[in-house]
> 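This is the structure I have questions about; it appears just below.
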Amino acid sequence: MSTRTLRVVIVGGGIGGLCLAQGLHAAGIDVAVFERDAAPDARLQGYRLNIEPVGSRALHDCLPPHLWQILVATAGDPGPGMGVFTERMRLLMREDAPPAGLDPSERTHAVSRITLRRLLLAGLDDIVHFGKEFTGYRQNPDGTVTALFADDTSVTGDLLVGADGANSRVRRQLLPHARRSSVPGVGIGGKLRLEDGAAWLPEEVTSAKNMFLPKRDFLFTAVFRRRETDEAVVERVGDRMRAVGLDPDLLVQDAGDDDYVMWAYVAHRRVSPTDPSGTQERERGQRLREVVASRLTDWHPGLRELITRTPADTVERFDFAAAERVRPWTTTNVTVLGDAVHSMPPVGGLGGNAALYDANVLRRALVAVDRGELDLLPALAEYERAMLRNGFAAVRAATMYLRLATLPSRTVRTVARTFFRLCGVIPPLRRAIFSD
């Protein structure tokens with residue numbers, strides 16, 4: 001077995017790539033990240049992200065303890081387990097709430113994307129390189145691999161990891177046969193602040209995440225509330241935040257974003273034709289909101305108001321695509337993780353958690369290699385098997401929910417409602433299917 005210190009090159013500075021970088025850096029492994037964005041704040045947007053227990057375990061294992069503590073301190077409370085309802089607010093099933101006293105690494109956290117990105121970048125100033133557009137790689141006779149960039153620079157390492165998202169150039173070269181295909185679904189989403197004037201919202205909508213299963217399409221909602229102890233806890237960890245170059249005031253502001261309900265209406269894409277070019281953002285949002293409202297005429301009044309009262313400038317359309325199943329390939333010193341290989345529709349919030357899972361499994365494999373416990377290629381082959389198994393299970397789950405929303409069959413919808421109703425009344429069945 002080789003005793004040479006590993007040199008790992010990561011292409012892509014998203015959630016998965018940065019989580020891996022944090023874990024490798026903490027283990028003393030030589031790692032560098034190359035990101036095409038020009039600056040760290042180029043992507044400070046988007047809704048909060050539900051980090052499920054599988055993602056929480058990955059972040060706990062990869063982040064230094066002080067960064068993990070800050071993440072938990074600034075996260076919001078996602079409420080009890082997901083509920084499944086009819087469009088008239090009749091409960092079909094609710095997932096079991098997590099046990100009291102559960103360790104934060106086994107819990108779900110509603111995390112600000114801004115805060116998460118800042119934490120993932122903390123302490124990596126000399127490791128993450130911005131403005132580096134990856135163009136391809138070259139595998140060398142001595143067993144190394146060289147990444148090439150648009151500015152005519154290059155970097156050589158023992159392993160190249162493609163964490164460069166759904167349009168991955170690393171995957172394109174490594175797996176030219178891999179394909180992504182459009183799927184018939186479309187998502188329309190919006191965000192409504194939880195002000196005093198939102199008291200009319202059903203309690204279920206303001207206390208947890210939910211899926212509504214009507215006779216056609218479906219609606220997903222998630223609430224993002226600050227934990228009551230956020231400000232006090234953030235104050236206590238302020239010194240730790242300053243020590244890693246994070247401004248506590250900024251994190252308090254992120255954690256203190258107005259509480260809100262996010263909703264996503266999922267349907268066949270023929271429901272919402274692509275807007276003509278040149279449409280103003282607000283006008284586009286109004287049109288999309290009207291499309292959704294027009295399909296909720298017989299829904300619970302509170303759900304209809306959730307849509308109609310949502311500010312038009314928060315309403316967006318999302319077109320979906322999914323990776324086609326990739327068969328195992330011959331392992332080399334180039335691999336991929338997250339959306340670079342198993343991208344999926346953002347239905348159920350599975351993609352980010354799958355990327356974090358990949359990062360943690362790959363981190364463990366590379367730490368074993370660096371310690372001389374495993375050779376590189378067998379360790380990577382084991383990682384790739386686990387990554388493909390878990391990642392494409394998530395793709396199947398996401399596309400299953402999407403098909404459920406887009407299929408016109410009333411029979412399928414009736415069977416689905418019956419299934420959730422059975423899960424609601426048979427706890428062992430519910431736990432077997434919906435436990436992490």
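Reckoned from all heavy atoms, side chains included, excluding hydrogens, waters and symmetry mates.
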> Have Asn333 and Gln139 got a donor and an acceptor in their side chains that come within less than 3.5 Å?
yes
> Between the side chain of Asp358 and the main-chain N/O of Asn353, is any donor-acceptor distance below 3.5 Å?
no
> Glu35 and Arg117: salt bridge (Lys or Arg N to Asp or Glu O under 4.0 Å), yes or no, with the steps?
CA-CA 13 Å; Glu35 165 59 47; Arg117 184 161 176 80; 5.2 Å; no
> Report yes if the side chains of Ser168 and Val341 come closer than 4.5 Å at any heavy-atom pair, otherwise no.
no
> Is there side-chain contact between Val145 and Thr156, with at least one heavy-atom pair below 4.5 Å?
no
> Donor-acceptor pair, distance only, cut-off 3.5 Å: does the side chain of Ser56 make one with the backbone of Glu106?
no
> Could you tell me the separation between the CG atom of Leu296 and the CZ atom of Phe212, rounded to the nearest 0.5 Å?
11.0 Å
> Determine, stepwise, if the pair Val84 / Asn210 fulfils side-chain contact (heavy atoms from CB on, under 4.5 Å).
CA-CA 6 Å; Val84 182; Asn210 303 289; over 6 Å; no
> Before giving the answer on side-chain contact (heavy atoms from CB on, under 4.5 Å), spell out for Phe224 and Val261 the whole-Å C-alpha distance, their side-chain angles and the decisive distance to 0.1 Å.
CA-CA 6 Å; Phe224 297 105; Val261 171; over 6 Å; no
> Backbone N or O of Leu6 within a donor-acceptor pair of the Asp30 side chain at under 3.5 Å?
no
> With rounding to the nearest 0.5 Å, note down the distance linking CG in Leu102 to OG1 in Thr108.
9.0 Å
> Taking CG in Asp151 as the centre, count heavy atoms belonging to other residues, nucleotides or ligands within less than 6.0 Å. Is the count above 12?
yes
> Quick one: do Arg430 and Glu95 make a salt bridge, cutoff under 4.0 Å?
no
> On the 0 to 90° scale, with breaks at 30° and 60°, tag the Phe218-Tyr401 ring pair as parallel, tilted or perpendicular.
perpendicular
> Can you tell me if Arg88 has over 12 outside heavy atoms packed within less than 6.0 Å of its CZ?
yes
> Any sub-3.5 Å donor-acceptor pair from Asp375's side-chain atoms to Leu377's backbone N or O?
no
> More than 12 heavy atoms of other residues, nucleotides or ligands under 6.0 Å from CD of Glu382: is that the case?
no
> Taking Arg304 for its side chain and Trp299 for its backbone only, find out whether a donor-acceptor pair lies under 3.5 Å.
yes
> For Ala397, enumerate each residue passing the side chain to side chain contact (heavy atoms under 4.5 Å, CB included) test, keeping only those at least two apart in sequence or located in another chain.
Leu350
> For Tyr357, does its backbone N or O pair with a side-chain atom of Asn390 as donor and acceptor, under 3.5 Å?
no
> Passes salt bridge (Lys or Arg N to Asp or Glu O under 4.0 Å), Glu87 versus Arg417? Steps please.
CA-CA 11 Å; Glu87 73 276 19; Arg417 285 191 180 193; 2.6 Å; yes
> Begin with the C-alpha distance, continue with both residues' side-chain angles, and end with the deciding distance and a verdict on side-chain contact (heavy atoms from CB on, under 4.5 Å) for Arg295 and Asp217.
CA-CA 9 Å; Arg295 299 178 71 81; Asp217 313 336; 2.7 Å; yes
> Which atoms form the tightest heavy-atom contact between Arg325 and Arg396, and what is the distance?
NH1-NH1, 3.5 Å
> Check side chain to side chain contact (heavy atoms under 4.5 Å, CB included) between Glu133 and all other residues, then give those that pass, not counting sequence neighbours.
Arg36, Ala150, Arg169
> What distance separates Leu219 CG from Leu213 CG, expressed to the nearest 0.5 Å?
11.0 Å
> I'd like to know if Asp158 and Arg7 make a salt bridge, using a cut-off of under 4.0 Å between side-chain N and carboxylate O.
yes
> Does a side-chain heavy-atom distance below 4.5 Å link Ile10 with Leu18?
no
> So does Glu203 get a backbone contact from the side chain of Ser207, meaning a donor-acceptor N/O pair under 3.5 Å?
yes
> Fit a plane to each ring of His109 and Trp68, take the angle between them on a 0 to 90° scale, and name the class: parallel (under 30°), tilted (30 to 60°) or perpendicular (over 60°).
perpendicular
> Any carboxylate oxygen within less than 4.0 angstrom of a Lys/Arg side-chain nitrogen, looking at Glu290 and Arg284?
no
> Taking the side chain as everything from C-beta on, heavy atoms only, tell me whether Leu20 gets closer than 4.5 Å to Val33.
no
> Checking Arg269 side chain against Val183 main chain: does a donor-acceptor pair fall under 3.5 Å?
yes
> Stepwise, does the side-chain contact (heavy atoms from CB on, under 4.5 Å) test hold for Phe149 with His129?
CA-CA 12 Å; Phe149 302 99; His129 307 274; over 6 Å; no
> Return yes if a side-chain donor-acceptor contact under 3.5 Å exists between Asn140 and Thr146, otherwise no.
yes
> Just verifying a value: how many Å separate Leu160 CG and Tyr137 OH, rounded to the nearest 0.5 Å?
7.5 Å
> Phe220 and Met82: which non-hydrogen atoms are nearest, and at how many Å?
CE1-SD, 4.2 Å
> Which atom names give the shortest non-hydrogen contact between Ile307 and Ala293, and what distance separates them?
CG2-N, 4.2 Å
> Mind telling me whether Phe392 and His342 have parallel, tilted or perpendicular rings, with 30° and 60° as the class edges?
perpendicular
> Check whether Phe34 forms a cation-pi arrangement with Lys132 (NZ or CZ under 6.0 Å from the six-membered ring centre, at most 45° off the ring normal).
no
> Please say whether more than 12 non-hydrogen atoms of neighbouring residues, nucleotides or ligands are located less than 6.0 Å from CG in Asp298.
yes
> Does any part of the side chain of Ile29, heavy atoms only, come nearer than 4.5 Å to the side chain of Val8, both counted from C-beta?
yes
> Look up atom NE2 in His60 and atom CZ in Arg107, then write down how far apart they are to the nearest 0.5 Å.
12.5 Å
> My understanding is that only residues two or more places apart in sequence, or in another chain, count here; which of them pass side-chain hydrogen bond (donor to acceptor under 3.5 Å, both in side chains) with Arg413?
none
> For the residue pair His177 and Val326, establish whether any side-chain heavy-atom pair is separated by less than 4.5 Å.
yes
> Quick one: closest heavy-atom pair of Ala394 and Ala354, and the distance?
CB-CB, 4.5 Å
> Please determine, by modelled atom types, if Arg180 and Ser343 share a side-chain donor-acceptor pair under 3.5 angstrom.
yes
> Distance check, rounded to the nearest 0.5 Å: Arg421 atom CZ versus Thr86 atom OG1?
8.5 Å
> Any idea which heavy atoms bring Gly17 and Leu337 closest together, and the distance?
N-CD1, 4.2 Å
> What is the minimum heavy-atom distance between Arg171 and Asp339, and which atoms define it?
NH1-O, 4.2 Å
> Given 3.5 Å as the limit, does a donor-acceptor pair link the side chain of Gln22 with the main chain of Leu67, or not?
no
> Keeping the roles fixed (side chain from Thr314, backbone from Thr310), state whether a donor-acceptor pair exists under 3.5 Å.
no
> Less than 4.5 Å apart, any side-chain heavy atom of Leu24 and any of Cys62?
no
> Could you check whether any side-chain heavy atom of Tyr260 comes within less than 4.5 Å of a side-chain heavy atom of Val223, counting everything from C-beta outward?
no
